[in-house]
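Here's the structure we're looking at; comments come further down.
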Number of protein chains: 2
Amino acid sequence: MSASRPYHHGDLRSTLLASAERTLREKGAAALSLRELARSAGVSHAAPGRHFKDKQALLDALALNGYARLNEAMESADDATLPLEPRLTSLARAYLTFAIQHPELLELMYSRKHDPASAAQLSDEVDRSLSTFLRLITDAKSQGELINTDLDSIMLLTAASLHGLAALVAAGAYPADEVLTTLDTHVHLLLDGLRPR
Amino acid sequence: MSASRPYHHGDLRSTLLASAERTLREKGAAALSLRELARSAGVSHAAPGRHFKDKQALLDALALNGYARLNEAMESADDATLPLEPRLTSLARAYLTFAIQHPELLELMYSRKHDPASAAQLSDEVDRSLSTFLRLITDAKSQGELINTDLDSIMLLTAASLHGLAALVAAGAYPADEVLTTLDTHVHLLLDGLRPR
DNA sequence: ACCTGAACACCGTTCAAGT
DNA sequence: ACCTGAACACCGTTCAAGT
């Protein structure tokens, strides 16, 4: 065990964030308390206030961090050399894998109440997610792999479909272990439609 | 103004639920406090404990009530005499209208943490929602309006797509006023696919 | 610049006691 | 059967003061 704790923690902000994410994963958002985080960091209950103006600011920082990781995962999963169907499947797999591994974090990321101060950054991250999909769809369209409907409609159905899957999994309404094995079918049906040809 | 409040409220349970839903709609879930609800019902802070074993039990009752209303709306919107596309559009419209009118309630209904005591009832309501979709899809399939893929896959894509739309709207990620006007396109794309025929 | 300790105004929950 | 009032153990947030 170390000697007496130094007055300055040194890295309190990241310690709090890491600890908060662990609590989120293990006990859920309701169990998140600033005082408890301070306690387990060995710091006074008022110390977090130095790094986060209030509890929502810490939650926003968690969400922002989540988006950054999701976006990195999606971007590195996107292989522009692939044809539409495998390319979309790979992107979807990255998204769903994140949803399976971090359901509570995803729920937090989706949540509607954020500090106005964080809104702009969060919105940027959402745009970054969307632009990954947009790139894929624009490419596919220019190669004649998609119908000639407006981009917005195609984007919306694609995003809603994958987002819905992720939400169903994160909410526990659809089993996590099945969603990845049925993903190929899912993407195929999305591209080919439910109606007989 | 009435005379002195009687000792027995008479209808405290429904009063609390109604008041809670108003708070949810107007101020969000974070602003929901049992003590505040008790105050505005003119009752002691311990009185709600008689009708709800804890705060989560009240939230579960709200969610349950929400599902009942959503299910009624969806069932009465389902017209079995219609062909697949208009029939699905009508059902989807009912779902999305609910999502637009009660985004916070929907978020609560989707939420993953409920009392074990409420889990069975909530699960029944979800099954009831799914069976409405299942009826539509079974009918359409028997009439040759759907491809010959297994029901589960068709259900999953349909549910995920509409659920995703509702979630995007409830989260404020997609404008509520647009989702209803673009709904016809959305359903059409879902049925016909994104790929050229 | 960063943290503490006390203070303030809230919570949810429990439980004896009242009607 | 239903509600009250006090009590308990928690919160988040603020702010002077310490290092």
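Note on naming: letters A, B, ... go to the chains in the order of the sequence lines (proteins, then strands), and numbering restarts at 1 for each one. Only a predicted model underlies this, so the values are computations on that prediction, with no experimental measurement involved.
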B:L16 CG to D:dC2 P, straight-line distance once rounded to whole Å: 13 Å
Intra- and inter-strand pairs of DNA chain D in dot-bracket (Watson-Crick or G-U wobble, both distances under 3.5 Å; | for another strand): ||.|||||...|||||.||
Over all heavy atoms of both residues, which pair between B:P196 and A:G144 is shortest? Give the atoms and the distance, please. CG-O, 3.6 Å
For B:R87, is there an ion pair with B:D79 - N to carboxylate O distance below 4.0 angstrom? no
Shortest non-hydrogen separation from B:L183 to B:A92 and the atoms involved: CD2-C, 3.9 Å
Is the side chain of B:R197 donor-acceptor paired with the backbone N or O of B:D192 at a distance under 3.5 Å, no angle test? yes
Does a side-chain N-to-carboxylate-O contact under 4.0 Å join B:E36 and B:K27? no
I'd like to know if B:E125 and B:R128 make a salt bridge, using a cut-off of under 4.0 Å between side-chain N and carboxylate O. yes
Is A:T97 reaching over with its side chain to a backbone N or O of A:R93, donor-acceptor style, under 3.5 angstrom? yes
Please check if the side chain of A:K113 supplies one atom and the backbone of A:Q56 the other of a donor-acceptor pair under 3.5 Å. no
I'd like to compare against my own output: the B/S/- annotation of nucleotides 10-16 of chain D with a strict under-4.0 Å heavy-atom distance to protein. -BBBBB-
